[in-house]
Structures are given as C-alpha cells and as structure tokens.
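Keep in mind that the numbers below use all heavy atoms, side chains included, and drop hydrogens, waters and symmetry copies.
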Amino acid sequence: MTGPESADGVEQGHRVAELGPGEPAVLLAPRLAQFAAVARLEHVTRAAALLGVPQPTLSRAVARLEEELGVDLLARQGRTVRLTRAGRLLLASVERALAEVERGAEAARAEADPAAGRVAFGFLHTMGPDAVPALLRGFRAENPQVRFQLVQDYGGAMLERLRAGELDLCLVAPLPDDPAFVARPLDEQRLNLVVPADHRLAGRRRIRLGEVAEEPFVGLEPGYGLRVITDDFCAQAGFVPRLTFEGEEAETLRGLVAAGLGVALLPPPLVPRPGVVELEVTAPRTRRAVGLAWAAGRPLTPPVAAFRDFVLSRRGRLLHHD
C-alpha cells in the first residue's frame with residue numbers, strides 16, 4: 001500500500017534524492033549501471049562488452065565511483081573481481097534503483113504507444129450519457145487498444161486539471177478565452193426552459209426568457225459553465241435570476257423543477273423526464289457552444305493526437321439535434 005501523494009505527485013513517506021551540485025545522486029547516477037554490470041558478471045572485460053564500452057573506460061568509471069564514495073567496492077583478482085562488503089550493500093540499492101528506472105521508462109513508453117497508449121479525457125456531466133460514449137465507440141472501432149482515463153467535472157475544474165497536466169483533452173462549454181489553452185468549437189447545444197408540468201406556461205411550445213423574470217430558478221452552483229451561461233442569457237433578457245436552489249448536476253435540477261421548486265435552463269435530456277415540460281426559448285437564442293480544449297504548447301502523445309483529430313472530425317455531429 002502506497003502513501004498519499006503530495007501536490008507535486010511524489011508519494012509522501014518516500015525520500016526524494018537531493019539533486020544539487022555535489023549531491024551523491026548527481027555524482028553517482030551515471031556510473032551505477034556500469035558498477036551493476038561489473039558486479040553481476042564479476043568480470044570487467046565481459047561487463048564492458050555487455051555495455052558496449054571500452055574496457056579501460058569501464059575500469060576508470062568504477063574506480064571513480066570508489067573514489068567518490070571513499071570505499072573499495074571490488075576486490076580485484078586478475079581479470080575477475082569480487083564484491084566487498086561495501087560493494088554488496090551498494091549493489092542491493094543500485095539493483096532496486098535500476099529496476100525502478102526501467103519500470104518508469106516502460107510506463108512512459110506505454111503512455112505514448114500509438115496503438116495502446118492512454119488518453120486522459122475530461123468532459124461535462126451533460127456530455128456523459130450520450131455524446132462521449134458515441135465518441136469513444138467510434139474511435140475505439142479503429143483504435144481498440146487505446147486506454148482512456150475518463151473524468152467528469154465542471155468546466156473550470158477541468159481546465160485547471162488540463163493546465164496542471166492531469167488531463168490531455170476536455171470537452172467544455174463555454175470555450176476558454178485563455179492563451180494557456182487551444183480551443184476548437186465542435187457543436188451548439190440548445191438550452192430549454194424547463195418548467196413543472198402544472199406550470200402556467202406548460203401548454204406553450206416557445207417562450208421569451210423575459211416571461212419568467214419573476215419566477216424562482218434552480219441552477220448549478222457558481223463556477224459551473226452552465227451557470228455562467230444561464231446568468232448571461234438572463235442578463236440579455238433584462239433580469240437577474242432569483243436562485244432558490246443550487247446543485248451540481250443537470251438531472252438533479254430537472255428533478256427539483258418537477259417538484260415545483262423553480263424553473264431552469266438546461267440541455268435537452270437523453271430520456272424525457274416525467275413531471276416537466278421543455279420549452280424552446282426564442283429570445284435570446286439560448287444555445288451554448290461546446291468545444292474541445294487542450295493545453296497550448298504542450299506536446300501531445302500519438303494516441304492523444306489521434307483522439308483529438310477524431311473528435312475534431314466530428315464537428316457539427318457531436319450532439320443529437322432535434
């Protein structure tokens with residue numbers, strides 16, 4: 001069981017080597033694999049052949065390592081060598097360190113494997129039931145081994161994770177206006193005014209948003225992109241919405257509307273919800289742009305670049321239109 005991670009991703013409880021000038025890790029690291037080869041084979045010439053370096057070069061490297069440590073690591077007997085007690089102590093740690101380096105290198109290569117690498121993909125909760133599964137199904141049809149880490153969150157939180165390198169790509173709305181990100185529009189999603197089934201406007205098909213200026217609203221919490229968009233549309237209609245309930249998920253808000261606790265601007269549901277009526281808003285035009293974002297200037301691994309290009313190729317077809 002591993003310990004918790006600190007903010008920089010290093011597990012707490014594990015000593016981190018100092019990397020300043022003159023520190024042992026900096027001085028010794030380049031020669032540790034050479035020492036391990038000599039120790040394993042107990043023969044300098046064969047170790048040099050294994051590493052593909054001249055035998056004198058290897059002999060000097062091990063001698064320099066002993067000089068820097070101030071201790072004999074090998075007892076030389078002609079062309080063969082034997083580990084001293086100090087050498088055995090060092091070799092045990094060196095073998096563990098080299099094995100960790102090898103595992104890390106393998107993990108790094110696997111992450112970027114064009115055929116079986118990993119994509120960390122974030123998206124809005126409202127994209128989860130339909131749009132994202134359709135994207136993944138289409139992409140995996142041609143790239144069946146690519147792995148995905150899927151993260152659902154609100155737009156601001158995903159952009160922070162994108163900035164930190166925790167995500168490779170994310171579907172967001174609205175699109176970020178920040179030079180730290182590259183954003184490409186993909187589609188527009190209509191936002192309906194959702195009212196209880198027994199509401200005075202429930203018999204209508206279309207309304208102007210200003211007609212509910214005095215109604216209580218339910219909406220997402222501040223910081224959510226849909227909340228920002230709702231506030232903006234209401235401002236365009238000439239009023240500030242009176243929020244009586246705030247939540248974190250669109251379908252929960254739809255349930256609050258069904259209970260008669262307010263009205264809401266929401267994307268169309270995947271499946272019709274009993275107890276509510278969805279009304280088209282004619283003024284203002286309540287649509288939100290949905291797009292794909294990634295960090296500017298950060299290289300994309302082959303699987304991430306392939307998935308990005310696939311998603312961008314679905315421009316105008318990301319969402320189901322009614």
> Just to verify, which of Val263, Leu193, Val218 counts as forming a side chain to side chain contact (heavy atoms under 4.5 Å, CB included) with Val257?
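Result for side chain to side chain contact (heavy atoms under 4.5 Å, CB included) with Val257: Val218.
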
> By the definition salt bridge (Lys or Arg N to Asp or Glu O under 4.0 Å), identify the one residue from Arg315, Arg285, Arg288 that meets it with Glu188.
Arg285

> So, taking the atom named CZ in Arg206 and the one named CG in Leu201, what distance separates them when rounded to the nearest 0.5 Å?
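It comes to 14.5 Å.
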
> So, the side chain of Asp232 versus the backbone of Val228: is there a donor-acceptor pair under 3.5 Å, distance only?
no

> With distance as the sole test, does Thr84 use its side chain to make a donor-acceptor pair with the main-chain N or O of Asp72 at under 3.5 Å?
yes

> Does any donor atom in the side chain of Ser93 or Arg96 lie under 3.5 Å from an acceptor atom in the other side chain?
yes

> Rounded to the nearest 0.5 Å, what's the gap from CG on Leu266 to CZ on Arg254? Could you check?
5.0 Å

> Between Pro196 and Gly262, what is the shortest heavy-atom contact and its length?
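Here Pro196 and Gly262 meet closest at CD-O, 4.0 Å.
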
> With rounding to the nearest 0.5 angstrom, report the OG1 to CG distance, Thr282 to Leu209.
9.5 Å

> Do Glu248 and Thr252 have side-chain N/O donor and acceptor atoms under 3.5 Å apart?
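Note: Glu248 and Thr252 side chains miss the donor-acceptor criterion.
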
> So, taking the atom named CG in Leu167 and the one named CD in Gln149, what distance separates them when rounded to the nearest 0.5 Å?
7.0 Å

> What distance do Cys170 atom SG and Gln152 atom CD have between them, rounded to the nearest 0.5 Å?
13.0 Å

> Hey, are the side chains of Leu124 and Met158 touching, using non-hydrogen atoms and a 4.5 Å cut-off?
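Heavy-atom side-chain distance check passes, below 4.5 Å.
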
> Among residues at least two apart in sequence or on other chains, which ones pass ring-ring contact (aromatic ring centres under 6.0 Å, His included) with Phe233?
none

> Evaluate the side-chain proximity of Val71 to Glu66: yes if any heavy-atom separation is below 4.5 Å, no if none is.
no

> Is there a side-chain contact between Asn192 and Arg190, using heavy atoms and a 4.5 Å cut-off?
yes

> How long is the straight-line distance from CG of Asp113 back to OG1 of Thr301, given to the nearest 0.5 Å?
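Rounded to the nearest 0.5 Å, the OG1-CG separation comes to 9.5 Å.
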
> With a 4.5 Å heavy-atom cut-off, do Val281 and Arg208 have their side chains touching?
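When only atoms from C-beta onward are counted, Arg208 and Val281 do not touch, as no gap falls below 4.5 Å.
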
> When you measure from the side chain of Arg227 to the backbone of Leu220, do you find a donor-acceptor pair of N or O atoms at a distance under 3.5 Å?
yes

> Is there a salt bridge (charged side-chain N to carboxylate O under 4.0 Å, His left out) between Glu215 and Arg200 once you walk through the steps?
CA-CA 11 Å; Glu215 299 274 349; Arg200 62 183 176 85; 3.0 Å; yes

> Please tell me whether Phe307 and Phe148 form a close aromatic pair, meaning their ring centres lie under 6.0 Å apart.
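Centroid distance Phe307-Phe148: below 6.0 Å, so yes.
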
> Determine yes or no for a side-chain-to-main-chain donor-acceptor pair under 3.5 angstrom, with Thr230 supplying the side chain and Ala264 the backbone.
no

> Please check if the side chain of Asp178 supplies one atom and the backbone of Ala180 the other of a donor-acceptor pair under 3.5 Å.
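Checking the backbone N and O of Ala180 against the side chain of Asp178, a donor-acceptor pair under 3.5 Å is found.
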
> What I'd like to find out is whether the side chain of Pro303 reaches to under 4.5 Å of the side chain of Arg147, using heavy atoms alone.
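Result no, sub-4.5 Å side-chain heavy-atom pair not found.
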
> Is Glu106 atom CD crowded by more than 12 heavy atoms from other residues, nucleotides or ligands, each under 6.0 Å away?
yes

> For the pair Thr80 (side chain) and Glu42 (backbone), establish whether a donor and an acceptor sit closer than 3.5 Å, ignoring hydrogens and angles.
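Absent.
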
> Examine distances only and state if a side-chain atom of Arg140 and a backbone atom of Pro144 form a donor-acceptor pair shorter than 3.5 Å.
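Yes; at least one donor-acceptor contact below 3.5 Å.
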
> Donor-acceptor pair, Arg298 side chain versus Leu162 backbone, under 3.5 Å?
yes

> Short question: side chain of Thr57, backbone of Val53 - any donor-acceptor pair under 3.5 Å?
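No, the answer is negative, given that no donor and acceptor are paired below the 3.5 Å cut-off.
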
> Got a donor-acceptor contact below 3.5 angstrom from the Asp187 side chain to the Leu319 backbone?
yes

